[in-house]
Amino acid sequence: MLAYIIRRIIQSIIVLLAVGFVAFAMFNFVGDPVDNMLGQERTQADIERLREQLGLDKPFIVQYWHFLEQAAQGNFGLSYRQGRPVADIISERLPATLELAFVSGLLALFGGIALGIFTAIRRRGISANVIMTLSLIGVSLPTFLIGVILIYVFSVELGWLPSFGRGEVVDIGGWSTGFLTVSGLKAMVLPAITLGLYQMTLIMRLVRTEMLEVLRMDYIRFARARGLREKSINFRHALKNTLVPVITITGLQLGSIIAFAIITETVFQWPGVGLLFINAVQFVDIPIMAAYLMMISVMFVGINLIVDMLYFAIDPRLRVDRSSGGH
Amino acid sequence: MTTSSNSPNTSRLSRAWNSDLAWSFRQTPVAMVSAFVVSILILGAILAPLLAPYNPFDPATLNLMNGFTPPSQPNAFTGDVFVLGTDDQGRDVLSTILYGMRISLFVGFAAVFLAMLLGVTLGLMAGYIGGWVETIIMRIADIQLTFPSILVAMLIFGIAKGVTPPEYRDQMAIWVLILAIGLSDWVQFARVVRGATLVEKNKEYVQAARLIGRSQFSIMLRHILPNVLNPVLVIATISLALAIIAEATLSFLGVGAPPTKPSLGTLIRIGQEFMFSGEWWILFFPAATLLALALSINLLGDWLRDALNPRLR
């Protein structure tokens, strides 16, 4: 068990080092950083001085180490476009993205589990079949189209909900939250549905498949034979055993929620880090791209690690397999 | 029963018609409908210069007075009728869709081809050669798999944009898109091909080929490759739908096809601006085309997976 955890941690560190290398390479090979930082009127002496200041005259490996040191402290330099420290810009934008990801994650998890149970129990019912067909269309529908359709229906035609922005936000110790105002909550609805819908269909289909599998097992048949009520069989006996894979997939989906937030944030002009990133790609703002890449990989790798360990802790059958045979 | 297929006169065509795959195709209405829709759309894209009523990229044929003409209604000023209406600059929506599909499909096919070429090559090498070659290839695959492919594509697009000089960016955008989507999608192919190669390489025909002194390269290409192609075909189909959606997403976000060469995604991006003022057709028709294309390719891929999987028969 301990050996397994250590191996996973080492793997995670290797992944982060590799991503760090990509970010470092972006800084060094995409455009000349000295060129980007000095203005039009520069002398050869200016260039030399800045090269020395930035450590660009040092050997490659020393530069890489220096970059990692700076990155670990959250220092990615100045944005080429806004001229402010990247760390400041990102920390301003982060609360918006995290709140959006949190709400749509909850929506996907609870909506997905509820619908999954429903479609599994009423397998032959009409409403369950309708839901399954809709979910197939939902999987083929690109995220940005879902957003556009929702805006058309609820903002343009019905005029119920705002189509862009976060509404009013309240600042609590540097964390701007949209949860405390009516307009903030209203602005949250459409983006959260857009972002959560795909993950919800995914979780729903997973829960349904697992549930159908479990309901076929002998112990469920025995529970029926014992005369237990249908409700208690479905929820107390069957559901428990379907949740193990659901936890893993949900955990891994958390990462993609943050990534897909880029699309949702652009559709709704939501002022989060995703919109920041896409603007950085449009204007080739390397420091922001690199910082976003590092931030998101720390999140992904961290989530993967935690999910792996959770999985390991929940399902005792894995302990024997994994620690002996690797994977 | 099999006399017809044994006779020397049987053509290739009728043998294909009698194959298991074709039989399963004829038994599945969903597959037939999807194939019909996909072929119509692909034909429309290929024949766009012949089919499109107007050339939307020739400024000489454009008349700004024709802007915002609703579908199938005569324009208030000029009296011209456009089946699917026009956009703000008076471009015929049907024509822009036909030309836009060319770009969407071209990027989709080319990106999947690139991903397939890369994935199959690396997967074969990893599976057959093994050792440190395998370790390096599969570690890179693992690392890339940690990140959603759309994010990888955005990143590659951003880097490539930074490397190309500004004056070439619009021209290069299509090729950069292909590179970005292709590189973000090779892992699926590599993993499946590696798995299948590991199974195949211990079979007797491979040992026989090795005994008669065939080179490693020839064994991989001529003996193993034909036997691992079935799953590759399935993944390629599903990847095509994903690649078309990825292209549309990137173009919609403004990091893909430029407005001078609009793909379906760019058209949706343009149409979205007019959604609020009630010109719904500029958005609706490109979006419906994209959805029809992606959904029918997906359904075709689903059918292919079931039909080629012997366990499900």
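Values below: all heavy atoms of this structure, side chains included; hydrogens, waters and symmetry mates excluded. Please read these numbers as outputs of a predicted model, since none were measured by experiment. Letters go in sequence order (proteins before strands), and every chain restarts at 1.
A:R8 and A:Q11 are linked by a side-chain donor-acceptor pair at a separation below 3.5 angstrom, with hydrogens and angles left out of the test. Side-chain contact check for A:R205 and A:S135: at least one donor-acceptor pair (N or O, by modelled atom type) lies under 3.5 Å. In this model, no donor atom of one side chain and acceptor atom of the other lie less than 3.5 Å apart for A:Q199 and A:S104.
Both the backbone and the side chain of A:S297 come within contact range of chain B, each with at least one heavy atom under 4.5 Å from a heavy atom of that chain. Neither the backbone nor the side chain of B:A160 comes within less than 4.5 Å of any heavy atom of chain A. At a 4.5 Å heavy-atom cutoff, the contact between B:L295 and chain A is made by backbone and side-chain atoms alike. Neither the backbone nor the side chain of B:A241 comes within contact range of chain A; no heavy atom of the residue lies under 4.5 Å from a heavy atom of that chain. In this structure, the portion of A:V19 lying under 4.5 Å from any heavy atom of chain B is its side chain and not its backbone. Using a 4.5 Å cut-off between heavy atoms, B:L242 does not touch chain A at all. Contact annotation for A:L145: only side-chain heavy atoms (C-beta onward) come within less than 4.5 Å of a heavy atom of chain B.
Under the 6.0 Å cut-off for aromatic ring centres, B:F25 and B:W303 qualify, their centroids lying closer than that. Taking the ring centroids of B:F157 and B:W175, they lie at or beyond the 6.0 Å cut-off.
When the candidates A:D285, A:I278, A:T266 are compared by the number of heavy-atom contacts under 4.5 Å with chain B, A:I278 comes out ahead. For the options B:I150, B:I297, B:I140, B:L155, heavy-atom pairs under 4.5 Å to chain A are most numerous at B:L155. The residue among B:I143, B:L253, B:L291 with the most heavy atom pairs within less than 4.5 Å of chain A is B:L253. Of the listed residues (A:I149, A:I14, A:V15), the greatest number of heavy-atom pairs within a distance under 4.5 Å of chain B belongs to A:V15.
The two residues A:L161 and A:S155 have their closest heavy-atom pair at O-OG, 2.9 Å. When all heavy atoms are compared, the tightest approach of A:R93 to A:P271 is CD-O, 3.3 Å.
Note on ring orientation: taking the six-membered ring where Trp is involved, the planes of A:F154 and A:W160 are tilted (angle from 30° to 60°).
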